[in-house]
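Worksheet: the structure to be examined is printed underneath.
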Amino acid sequence: MTAPSHTDRARSFDAAAAQYAANRPSYPPALFDAMEELAGHPLTGARVVDVGAGTGIATALLRARGADVLAVEPGDGMAAQFRRANPDIPIVRGNGNALPVATASADFITYAQAWHWTDPAHSVPEALRVLRPGGALALWWNTTPLDIPWHVAQADRIERRFGSHPVVEQNGSGARAALTDPTGSLAFTARKVRWSRRVPIDTHLANIGSHSIFLVHGTEASTAFLAEEKRLLLTAFPDGIIEETYDVDLLVATTS
């Protein structure tokens with residue numbers, strides 16, 4: 001089987017937008033506290049452009065913090081799901097490589113689980129164009145902690161079955177994303193925020209099944225893996241409830 005391309009992975013979410021919206025984890029209030037601290041100004045009243053907004057998980061939280069948010073999303077299915085869930089939040093079609101947003105119009109540009117789908121040779125200059133002086137570019141990802149054995153074991157099983165995710169390996173974690181500014185104009189400050197949620201095993205499996213590495217390998221391969229994974233997890237968690245733990249890798253850079 002030919003390895004799925006960057007474009008295949010990026011487009012895979014549209015067919016699974018409802019699954020994504022229903023099962024993907026959210027983000028803790030402490031993440032936004034840290035973002036405001038590192039940016040040096042609050043989200044309340046700020047003009048925020050949330051890029052790669054997907055189904056609106058992060059966008060809605062930014063709005064709840066008092067921000068004036070514009071969502072930018074390239075995918076048909078994700079944008080349709082966003083509109084159903086967030087009819088009062090404006091959304092435009094586009095991506096971070098060519099933002100459909102006026103110059104010097106944003107106090108924050110945010111990317112939740114999305115920066116690794118951009119080409120930093122274009123997305124960094126675009127962020128610098130759109131941000132106002134003193135504005136902040138904030139990037140973050142929910143990542144798997146390496147000190148929780150069952151999470152690590154599951155990640156190993158996924159990699160053995162489906163292989164690593166080359167896009168994310170390249171620049172999909174906070175640590176690596178700091179190295180992807182071709183202009184040399186951004187000085188990122190990093191912060192890690194740990195949080196967790198308790199969910200039924202089926203929700204957990206639907207969550208991991210909504211990742212591109214599953215979506216691009218087709219229903220048969222994914223279904224077989226997830227069925228075996230359910231058997232293993234029920235052995236470890238016989239009450240059917242799992243505590244998913246996340247380390248949010250946050251990076252914030254401010255403009256001069």
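Sequence positions, counted from 1, serve as the residue numbers for this chain.
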(request) Only counting residues at least two apart or in another chain, list the ones meeting salt bridge (Lys or Arg N to Asp or Glu O under 4.0 Å) with Asp68. (result)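 For Asp68, the residues satisfying salt bridge (Lys or Arg N to Asp or Glu O under 4.0 Å) (neighbours in sequence not counted) are Arg47.
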Distance, nearest 0.5 Å, that separates [atom1] of [X] from [atom2] of [Y]:
{"X": "Leu234", "Y": "Ile242", "atom1": "CG", "atom2": "CD1", "answer": "8.0 Å"}
{"X": "Phe32", "Y": "Leu250", "atom1": "CZ", "atom2": "CG", "answer": "9.5 Å"}
{"X": "Thr144", "Y": "His151", "atom1": "OG1", "atom2": "NE2", "answer": "6.5 Å"}
{"X": "Leu226", "Y": "Ile201", "atom1": "CG", "atom2": "CD1", "answer": "12.5 Å"}
{"X": "Ile208", "Y": "Glu244", "atom1": "CD1", "atom2": "CD", "answer": "8.5 Å"}
{"X": "Ser222", "Y": "Leu205", "atom1": "OG", "atom2": "CG", "answer": "11.5 Å"}

Closest approach of [X] to [Y] (non-hydrogen atoms, all atoms of both residues):
{"X": "Pro100", "Y": "Val92", "value": "CG-CG2, 3.8 Å"}
{"X": "Pro25", "Y": "Ile57", "value": "O-CG2, 3.9 Å"}
{"X": "Val193", "Y": "Ala30", "value": "CG1-CB, 3.8 Å"}
{"X": "Val152", "Y": "Pro145", "value": "CG2-O, 3.7 Å"}
{"X": "Ala67", "Y": "Val48", "value": "CB-CG2, 3.6 Å"}
{"X": "Leu128", "Y": "Ser185", "value": "CD1-CB, 3.8 Å"}

[X] side chain vs [Y] backbone, donor-acceptor pair below 3.5 Å:
{"X": "Thr235", "Y": "Arg231", "result": "yes"}
{"X": "Arg24", "Y": "Ser210", "result": "yes"}
{"X": "Asn207", "Y": "Asp202", "result": "no"}
{"X": "Thr255", "Y": "Gly135", "result": "yes"}
{"X": "Ser105", "Y": "Ala102", "result": "yes"}
{"X": "Glu73", "Y": "Ala79", "result": "no"}
{"X": "Gln81", "Y": "Thr55", "result": "no"}

(message) Once ring-ring contact (aromatic ring centres under 6.0 Å, His included) is applied, do any residues pair with His122, and if so which ones, sequence neighbours excluded?
(response) none
Do the side chains of [X] and [Y] get close enough for a salt bridge, i.e. N-O under 4.0 angstrom?
{"X": "Arg157", "Y": "Glu228", "result": "no"}
{"X": "Asp33", "Y": "Arg191", "result": "no"}
{"X": "Arg83", "Y": "Asp88", "result": "no"}

(message) Under the criterion side-chain contact (heavy atoms from CB on, under 4.5 Å), I'd like the reasoning laid out for Tyr27 against Trp140: C-alpha separation, chi angles, the key distance, then a yes or no.
(response) CA-CA 10 Å; Tyr27 306 101; Trp140 68 90; 3.4 Å; yes
Under 3.5 Å side-chain donor-acceptor pair for [X] and [Y]:
{"X": "Arg65", "Y": "Thr44", "result": "no"}
{"X": "Thr245", "Y": "Ser196", "result": "no"}
{"X": "Glu229", "Y": "His204", "result": "no"}
{"X": "Thr143", "Y": "Asp247", "result": "no"}

(message) Please list all pairs meeting ring-ring contact (aromatic ring centres under 6.0 Å, His included) that have one or both residues in residues 37-71, counting only residues at least two apart or in different chains.
(response)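 Passing the test, one end in residues 37-71: His41-Phe108.
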(request) Could you name each residue pair satisfying ring-ring contact (aromatic ring centres under 6.0 Å, His included) that touches residues 229-256, not counting sequence neighbours? (result) Trp150-Phe237, Trp195-Tyr246
(message) Show, in sequence, the C-alpha distance, side-chain angles and deciding distance for Arg197 and Thr203, and conclude whether the side-chain contact (heavy atoms from CB on, under 4.5 Å) test is met.
(response) CA-CA 11 Å; Arg197 67 172 188 167; Thr203 298; 4.3 Å; yes
Sub-4.5 Å side-chain heavy-atom contact between [X] and [Y]:
{"X": "Ile109", "Y": "Val51", "value": "yes"}
{"X": "Leu186", "Y": "Val124", "value": "yes"}
{"X": "His116", "Y": "Tyr111", "value": "no"}
{"X": "Glu243", "Y": "Val199", "value": "no"}

(message) Checking one residue: Ile91. Which other hydrophobic residues are in its cluster under the side-chain 4.5 Å linking rule?
(response)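 Joined to Ile91, directly or through intermediates: Phe82, Ile89.
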(message) Using the side chain to side chain contact (heavy atoms under 4.5 Å, CB included) criterion, which residues pair with Thr189? Sequence neighbours excluded.
(response)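 Here the qualifying residues are Leu38.
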(request) Only one of Thr110, Leu251, Leu139 passes side chain to side chain contact (heavy atoms under 4.5 Å, CB included) with Trp115; say which it is. (result)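 By the side chain to side chain contact (heavy atoms under 4.5 Å, CB included) criterion, Trp115 pairs with just one of Thr110, Leu251, Leu139: Leu139.
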(message) Could you walk me through whether Val72 and Asp50 satisfy the side-chain contact (heavy atoms from CB on, under 4.5 Å) test, starting with their C-alpha distance in whole Å, then the side-chain angles of each, then the deciding distance to 0.1 Å, before giving a yes or no?
(response) CA-CA 6 Å; Val72 178; Asp50 187 34; over 6 Å; no
(message) Under 4.5 Å between side-chain heavy atoms, counting indirect links through other Ile/Leu/Val/Met/Phe/Trp/Tyr residues: same cluster for Leu232 and Ile241 or not?
(response) no
(message) Between Glu37 and Val252, is the side-chain contact (heavy atoms from CB on, under 4.5 Å) condition met? List the steps.
(response) CA-CA 10 Å; Glu37 177 190 340; Val252 177; over 6 Å; no
